[in-house]
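Since the structure comes first, as structure tokens, the remarks are kept for the end.
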Amino acid sequence: MFTAEAISADKLTEQILLPSFNIAPTHQIPAIVQIDNERTLTTFQWGLIPSWAKVPSIGARMINARVETILEKPSFRSAAAKRHCIIPADGWFEWQTLGKSKKVPHYFSRTDKALLGFAGIYESWQTPDGTELWSCSVITTDAHPEFSEIHDRMPLLVPAQSTELWLTQGAAAIAELRMQAVPATDLTQWEVSSAVGQVRNNNPKLIEPVEPEDLSLLLFL
DNA sequence: CCAGACGTTGTT
DNA sequence: GTCTGG
DNA sequence: CCAGACGTTGTT
DNA sequence: GTCTGG
């Protein structure tokens, strides 16, 4: 059972509310959970490690979980049925594949700049010394048709009024939430610098728009 | 019964 | 932990 | 997801 | 091509 810890203001600032513009798998990310009717802001390692995993490195690739199959997949179904969380974020990145090896990152966010809540699931893994390591996955769903040329998947979003539903209603909440898609007009996106592909880069410029590449240069290549 | 897999993305 | 394949 | 490594020997 | 680390 997840145990809510008191979080000091210092910890909030240092570990949770410090902004990041480049969150990679295995990083700690903030998440809201609800245990015994009490909501808590905590952090999880991004990339769900199934409780039965032999090594925690499995989690690095479990960063997303498809909502269509989340209740069936052995790695996710336990968490999907019982352990929901909401991951707050201003936006997210998707990579558009153009041609063979060209990938262009885009930043997605709400048109009104309001905070988003990604629907997530979380799990606990026992380290060899008995410590619990908590981790999570972001649930994905079909992207809106308006954005599908960029990427055909997107995070499953939790409208603010569905917070209680998502955090407390277990498996039943999954179908409910899928019927509450945020309209595409509430979302916006723009192309950003490929610098976001380097984990060591982390600054506000990573979410600023860039002009599409000047294709005239390709004449000489 | 035991052994082995258990995921997403996107590409071919 | 639980399911599938052998 | 992308970027970067992908090996052994033997030395510090 | 495929795996690992972030």
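In the text below, chain A, chain B and the rest are named by the order of the sequence lines, each starting its count at 1.
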Between CH2 of A/W125 and P of B/dC6 the distance, given in whole Å, is 19 Å

Carboxylate-amine/guanidinium proximity below 4.0 Å for A/E191 and A/K103 = no

Categorize A/R61 for me: base, sugar-phosphate, or nothing, with a 4.0 angstrom heavy-atom threshold over every strand shown.
base

List the atom pairs, donor and acceptor, that lie under 3.5 Å between side-chain atoms in residues 166-183 of chain A and the rest of the protein, sequence neighbours left out.
{"unit_1": "A/W166", "atom_1": "NE1", "unit_2": "A/C85", "atom_2": "O", "d": "2.9"}
{"unit_1": "A/T168", "atom_1": "OG1", "unit_2": "A/E164", "atom_2": "O", "d": "2.7"}
{"unit_1": "A/Q180", "atom_1": "OE1", "unit_2": "A/S162", "atom_2": "OG", "d": "2.2"}

side-chain hydrogen bond (donor to acceptor under 3.5 Å, both in side chains) filter on A/D129, not counting sequence neighbours, yields A/T127, A/T131

Exercise. Aromatic rings A/W190 and A/Y107: how do their planes relate, parallel, tilted or perpendicular, breaks at 30° and 60°?
Worked result: tilted

Counting only Watson-Crick and G-U wobble pairs with both atom distances below 3.5 Å, the stems of 3 or more consecutive pairs that include DNA chain B are B:1-6 with C:1-6

Applying ring pair (Phe, Tyr, Trp, His ring centres under 6.0 Å) to A/F147 and not counting sequence neighbours gives A/F108

- Item | A/T140 side-chain N/O to D/dC1 phosphate OP1/OP2 under 4.0 Å | no

Below 3.5 Å, can you tabulate the donor-acceptor pairs from side chains in residues 69-78 of chain A to any protein atom, sequence neighbours excluded?
{"unit_1": "A/R77", "atom_1": "NH1", "unit_2": "A/E72", "atom_2": "O", "d": "3.2"}
{"unit_1": "A/S78", "atom_1": "OG", "unit_2": "A/R83", "atom_2": "NH2", "d": "3.0"}

Sorted by chain and residue number, the salt bridge (charged side-chain N to carboxylate O under 4.0 Å, His left out) partners of A/E208 (sequence neighbours excluded) come out as none

Rounded to whole Å, CD1 of A/I49 lies from C1' of B/dC6 at a distance of 15 Å

Would you be so kind as to tabulate the donor-acceptor pairs closer than 3.5 Å made by side chains of residues 54-62 of chain A, with sequence neighbours excluded?
none

Atom NE2 of A/H27 and atom P of D/dC2 are separated, to the nearest Å, by 16 Å

Item to check | Ring-on-base stacking B/dC6 with A/W52 (under 5.5 Å, under 30°) | outcome: yes

**Q.** Separation between the P atoms of B/dG7 and C/dG5, rounded to whole Å
**A.** 13 Å

Rounded to whole Å, the CG-P distance (A/L48 to B/dC6) equals 16 Å

Out of curiosity, does A/I23 fall in the hydrophobic cluster containing A/F44 (side-chain heavy atoms, cut-off under 4.5 Å, transitive links)?
no

Rounded to whole Å, NZ of A/K54 lies from C1' of B/dA5 at a distance of 9 Å

Hits for side-chain hydrogen bond (donor to acceptor under 3.5 Å, both in side chains) against A/S135, two or more places apart or cross-chain, chain-then-number order -> none

Here the residues of residues 71-90 of chain A within 4.0 Å heavy-atom distance, strictly under, of DNA chain C are A/P74, A/R77

Which whole number of Å gives the distance between the C1' atom of E/dT2 and that of B/dT8?
16 Å

P atoms of D/dG10 and B/dA3, separation to the nearest Å: 38 Å

Expressed as a whole number of Å, how far does the C1' atom of B/dC6 sit from that of E/dG6? 24 Å

What nucleic acid atoms does A/P25 come within less than 4.0 Å of, heavy atoms only: base, sugar-phosphate, or nothing? base

Report yes if the side chains of A/L48 and A/Y122 come closer than 4.5 Å at any heavy-atom pair, otherwise no. no

Between CD1 of A/I58 and P of B/dA5 the distance, given in whole Å, is 11 Å

Between CG of A/D152 and P of B/dT9 the distance, given in whole Å, is 7 Å

Winner on side-chain proximity to A/T97, out of B/dT11, D/dA3, D/dC2, is B/dT11

*Tell me whether the OP1 or OP2 atom of D/dC2 has a side-chain N or O from A/K103 closer than 4.0 Å.*
yes

Residues at least two apart in sequence or cross-chain that pass salt bridge (charged side-chain N to carboxylate O under 4.0 Å, His left out) with A/D152, listed by chain then number, are none

Residue pairs meeting side-chain hydrogen bond (donor to acceptor under 3.5 Å, both in side chains), one or both in residues 197-207 of chain A, sequence neighbours left out, come to A/S20-A/N202, A/Q198-A/R200

Atom CG of A/D142 and atom P of B/dT8 are separated, to the nearest Å, by 13 Å

Counted 5' to 3', the first and last nucleotides of DNA chain C within 4.0 Å (strictly under) of a heavy-atom of chain A are C/dG1 to C/dC3

| task | Considering only atom C1', compute the distance from B/dT9 to E/dC3 and round it to an integer number of Å. | result | 15 Å

